[in-house]
Amino acid sequence: MALIVQKFGGTSVADTQKILSAARKAIRETKKGNQVVMVVSAMGKNTDHLIDLAKSITEHPNSREMDMLLSTGEQVTVALMAIALQTLGHEAVSFTGAQIGIRTDNTFNKARIKTISTKRMREALDSGKIVIAAGFQGIDDDFNITTLGRGGSDTTAVALAAALGADCCDIYTDVDGVYTTDPRIVPEARRVERISYDEMLELASLGAGVMHSRSIEFAKKFDVPVQVRSSFSDNPGTIIGPDPESDQVPVCGVALSKNEARFTVIGVPDRPGVAMNLFSRIAEAKIPTDMIAQNVSNQGKTDISFTVPGDEFETAQEIVRQVSEEIGADGYQSNSAVSKVSIVGLGMAHQSGVAQRMFEAVAAKGINIHMITTSDIKISALVSREDGVAAIRAVHEAFQLSEVPAASVKAASESGKNREEKDLVSAQFISRLNGMEDILIEQVGCDETQMRFTFADLPDRPGLAAALFKRMASKNVNVDMIVQSVGHHDNLADLSFTVPRCAADSVELLAKELTAEFGCQCKSNPAATKLTVCGTGLRSHTGLACRMFKTLSEGGINVSIICTSERNISVIVRETDGKNGHDRLLAEFADEMM
C-alpha cells in the first residue's frame, strides 16, 4: 500500500464542481489500494478577497490578525472537500494546520515549519479515511495561528509528504507540468518529463511560478518524489527528483524574473567586514538578496551590487542609504525597473561555451547586460525590464529548448525501499534538524585551483561579454565564476571571472589581445582561492550570506569577489587566507552540515 499526498491549488478548487472533481481523483487513488492525504488551498481568489476586506479598514492591518483572517480560506475548502468525499461515498476527515500539529515559528505572514506531528493523520489513514489538510497554515508555540507565506500550500504538501514518508507528492495545478520556460511568453516552450531538485530549486527561485522554492527545499532535504500534474486531466506531468531529464544538454530551462530592483553601493572601503555590515542590515529586515556581485577593488575601494524583489525596493533603499553613509561609501545607485534572465542546467558544469551562447543570443537583440552572476548550474544576467521578454525568447531559441533531448538519464530507483525504510529515513532527518525548514549545508568547499582575471573599464555596451567569452570558448577554456558589475563611471563596467590555473597561459594571451581591442585594463591573480558554501535554503534564509561574511571578517580575511545563487555563495580570497577561511566556515556551519 502506497501513501500519496495530493495538493490542489486555488484554481483547482475554485468552485464546488472543481472540488468534486478533485475528490474523485483522491477516491481513484484509494481504489488502487493507496492511502491519500489531500492538501488544499483557499478557493479561487478567496485569499485576495480577504486581504481586500482587511485593507478596506486599514492599509496596515496587524500581522497576527491577518494570519487569523487568511487561515479561514483554507478552512472553508477542507470542510467542503470532506463533505464532497462523504457525498461520493468515501470516509474523510478535515483538519486545520493546528489540528494536524504543524508547529511553526512566530513570524506572522511568512512562518517557517519547525515540526509536524503525524499521529492524528496516521490514525485517520489507518481507519480508512482520506485526510484533508488545510494548506498554508500552522500554529506557533503560543497557539497563535500562523501562515506560511507565498506558496504556502505547496510547502505544506511536501512537508507532510516528508513527515509521513509518502511515496509521492502530486501537485495538481492549472498547468500540466514544468516547462522549459513560461509558455505564455514563449509558445514553443516544452513540457519536460523530469527535472532535478537542484534545477527546479533554481528555476523556482528565479520566477518559475509552478512551485515555490521552499517546497522544493523540503523535497530535496527529505528525498520526496514530486509530480506536477494538471487538475483537469489524468495525463502524467513532470517528475521532480534527484535526476535531470538529460545529462547530455547544458541547459534545461530559462527563467524570467520580471520585477527586480538593483542597488550598487559605490566606492566601498575594501576591508574585512564591510559587506557583512551591509547585508546584516538587509537580513534584519527579512529582505532576500539574490544576485550579489562584488568586483575587485581599485585604489582601496570596491563596488557592491545586489538585487532584491521589486516589492522590497523602498524598504531596501532606505537601508542602503543609511549603511552607505555609515561605512563611508561614495554613494549608491538604484534601479527599480530591471529584470533577471537566467539559464539553469546541471550539464553546464562540465561544458564550455555556455555563457558565450547566452550572451551572444542577448547581444544579437541589441540588449545590454547590466550585471552578471553565475553558479555551477546557473547563469543570471540583469537587463532593463523592457528587454526581459525579448531576452528570454532569444536565449530559449539559442539553446534549442523546444526540442526533446537526444539522450535522457533514467531515474534513480526507489522501488527497493519499503515503507519501514522510508519512515526510518524520514524520522532520522526530522530528528536531526532543530526545525524542518532549517538551512541544510551540503558542502563547504575550498578550491585552490582557480585563477582570477578582471577586465576593468570595459565599455558598457551590448555584446562585450559575448565577444569576450566567445574567445574563451574558442580556446576550450571552462570559465567558473563570472561577475559583471554595473557600469557607472562614464558608462564603464568591470568584469571578473575565474578559470583553472592550467589555462593561465591561454587566457593571458587572450587578455593581451582583448585589452588592446577594447581599450581596457586587465588585472589577474594567479593565487586566488574560491570558498563556497553550498546547501538548501540559502536564499530563503536571509542571514546566511551575512554569517559567511562575518565569519571571514572576524578572521581578518578580505573578500575580493562575491557571487551567489539559490544553492551556493562563493567568494574569492587570497590564497594565503584559503585554509583559515575554510576552517572558519566549517566551524560556523558545523551544526547545519549534512
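- Between the OG1 atom in Thr529 and the CG atom in Leu531 there is a gap of 6.5 Å [rounded to 0.5 Å].
- The main-chain N or O of Ala528 is never found under 3.5 Å from a side-chain atom of Arg452 such that the two would form a donor-acceptor pair.
- Nearest heavy atoms, Val251 versus Leu401: O-CD2, 3.3 Å.
- Between atom CD of residue Glu403 and atom CD of residue Glu188 there is a gap of 11.5 Å, rounded to the nearest 0.5 Å.
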Side chain to side chain donor-acceptor pair (under 3.5 Å) assessment of Asp198 paired with Ser196: CA-CA 5 Å; Asp198 285 337; Ser196 72; 5.6 Å; no
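- Between the OG1 atom of Thr532 and the CG atom of Asp376 there is a distance of 8.5 Å, given to the nearest 0.5 Å.
- Atom-to-atom distance recorded for Phe263:CZ and Gln333:CD is 12.0 Å, nearest 0.5 angstrom.
- Put simply, the side chain of Arg393 gets close to the backbone of Ile185: a donor and an acceptor are under 3.5 Å apart.
- With hydrogens and angles disregarded, a donor-acceptor distance shorter than 3.5 Å links the side chain of Arg501 to the backbone of Glu448.
- At least one side-chain heavy atom of Ser380 sits less than 4.5 Å from a side-chain heavy atom of Thr373.
- Looking only at atom types and distance, the side chain of His396 has a donor-acceptor partner in the side chain of Thr180 under 3.5 Å away.
- The closest side-chain heavy-atom distance from Arg262 to Met371 is below 4.5 Å.
- Checking Arg574 against Asn525 by side-chain atom types alone, no donor-acceptor pair falls below 3.5 Å.
- Of all heavy-atom pairs spanning Ala391 and Val341, the tightest one is CB-CG2, 3.8 Å.
- Salt bridge annotation for Lys530-Asp480: present, with a cationic side-chain nitrogen under 4.0 angstrom from a carboxylate oxygen.
- Under the 4.5 Å side-chain criterion, counting only non-hydrogen atoms from C-beta, Gln227 is not in contact with Arg194.
- Considering only heavy atoms from C-beta on, Val559 comes within 4.5 Å of Leu552 through its side chain.
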Quick one, Ile557 with Val573, criterion side chain to side chain contact (heavy atoms under 4.5 Å, CB included). Give me CA distance, side-chain angles, the key distance, then yes/no. CA-CA 7 Å; Ile557 299 170; Val573 301; 3.8 Å; yes
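- Of the possible donor and acceptor atoms, one in the side chain of Glu199 sits under 3.5 Å from a partner among the backbone N and O of Leu346.
- Checking side-chain atoms of Thr181 against main-chain N and O of Val254 turns up a donor-acceptor pair under 3.5 Å.
- Under the 4.5 Å side-chain criterion, counting only non-hydrogen atoms from C-beta, Leu468 is in contact with Phe497.
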Report the C-alpha separation of Gln484 and Asp494 in whole Å, then their side-chain angles, then the decisive distance to 0.1 Å, and conclude whether the side chain to side chain contact (heavy atoms under 4.5 Å, CB included) test is met. CA-CA 6 Å; Gln484 178 182 316; Asp494 294 342; over 6 Å; no
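- Formation of a donor-acceptor pair under 3.5 Å by the Tyr197 side chain with backbone atoms of Val224 is found in this model.
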Before you tell me yes or no, could you show the steps for Lys286 and Glu312 under salt bridge (charged side-chain N to carboxylate O under 4.0 Å, His left out), namely the whole-Å CA-CA distance, both residues' side-chain angles and the distance that decides it to 0.1 Å? CA-CA 10 Å; Lys286 304 294 184 184; Glu312 301 279 11; over 6 Å; no
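- Atom CZ of Arg191 sits in a crowded spot, with more than 12 heavy atoms from other residues, nucleotides or ligands closer than 6.0 Å.
- When atom types are taken as modelled, the side chain of Arg214 and the backbone of Leu148 share a donor-acceptor pair closer than 3.5 angstrom.
- The number of heavy-atom neighbours closer than 6.0 Å to NZ of Lys550, taken from other residues, nucleotides and ligands shown, is 12 or below.
- Between Asp577 and Asn558 the shortest heavy-atom distance is OD2-N, 4.5 Å.
- Under the 3.5 Å distance criterion, the side-chain polar atoms of Ser215 are left unmatched by any main-chain donor or acceptor of Met211.
- The nearest pair of heavy atoms linking Val39 to Ser153 is CG1-O, 3.8 Å.
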Carefully, step by step, assess Met481 and Ser570 under the rule side chain to side chain contact (heavy atoms under 4.5 Å, CB included). CA-CA 8 Å; Met481 293 174 68; Ser570 297; 4.0 Å; yes
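- When all heavy atoms of Pro405 and Arg190 are compared, the pair lying nearest together is CD-NH2, 3.4 Å.
- The side-chain heavy atoms of Leu585 and Thr551, taken from C-beta on, include a pair separated by under 4.5 Å.
- Using a cut-off of 4.0 Å between Lys/Arg side-chain N and Asp/Glu carboxylate O, Asp154 and Lys7 are scored as salt-bridged.
- Taking 4.5 Å as the limit, some side-chain heavy atom of Thr155 sits within range of a side-chain heavy atom of Phe218.
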Worked check of side chain to side chain contact (heavy atoms under 4.5 Å, CB included) between Cys169 and Ile171: CA-CA 6 Å; Cys169 180; Ile171 305 294; 3.8 Å; yes
For Gln450 and Thr498: C-alpha separation, side-chain torsions, deciding distance, then whether side chain to side chain donor-acceptor pair (under 3.5 Å) applies. CA-CA 6 Å; Gln450 296 286 310; Thr498 62; 2.8 Å; yes
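- With a 4.5 Å cut-off on side-chain heavy atoms, Cys252 and Ile195 count as touching.
- Ser375 contributes a side-chain N or O that, together with a main-chain N or O of Lys378, makes up a donor-acceptor pair within less than 3.5 Å.
- Ring orientation note: the planes of Phe469 and Phe359 are tilted relative to one another, at an angle of 30° to 60°.
- From Ile239, atom CD1 reaches atom CE of Met200 across 14.0 Å, with rounding to the nearest 0.5 Å.
- Atom CD1 in Ile482 sits 7.5 Å away from atom CG in Leu495 (nearest 0.5 Å).
- Between Arg547 and Glu592, at least one side-chain N (NZ, or NE/NH1/NH2) sits under 4.0 Å from a carboxylate O, which counts as a salt bridge.
- Using a 4.0 Å cut-off between charged side-chain N and carboxylate O, Glu397 and Lys365 make no salt bridge.
- Glu442 places no side-chain N or O within 3.5 Å of a backbone atom of Cys534 that could act as its donor or acceptor partner.
- Nearest heavy-atom pair, Ala363 versus Gly463, reported as atom, atom and distance to 0.1 Å: CB-CA, 3.5 Å.
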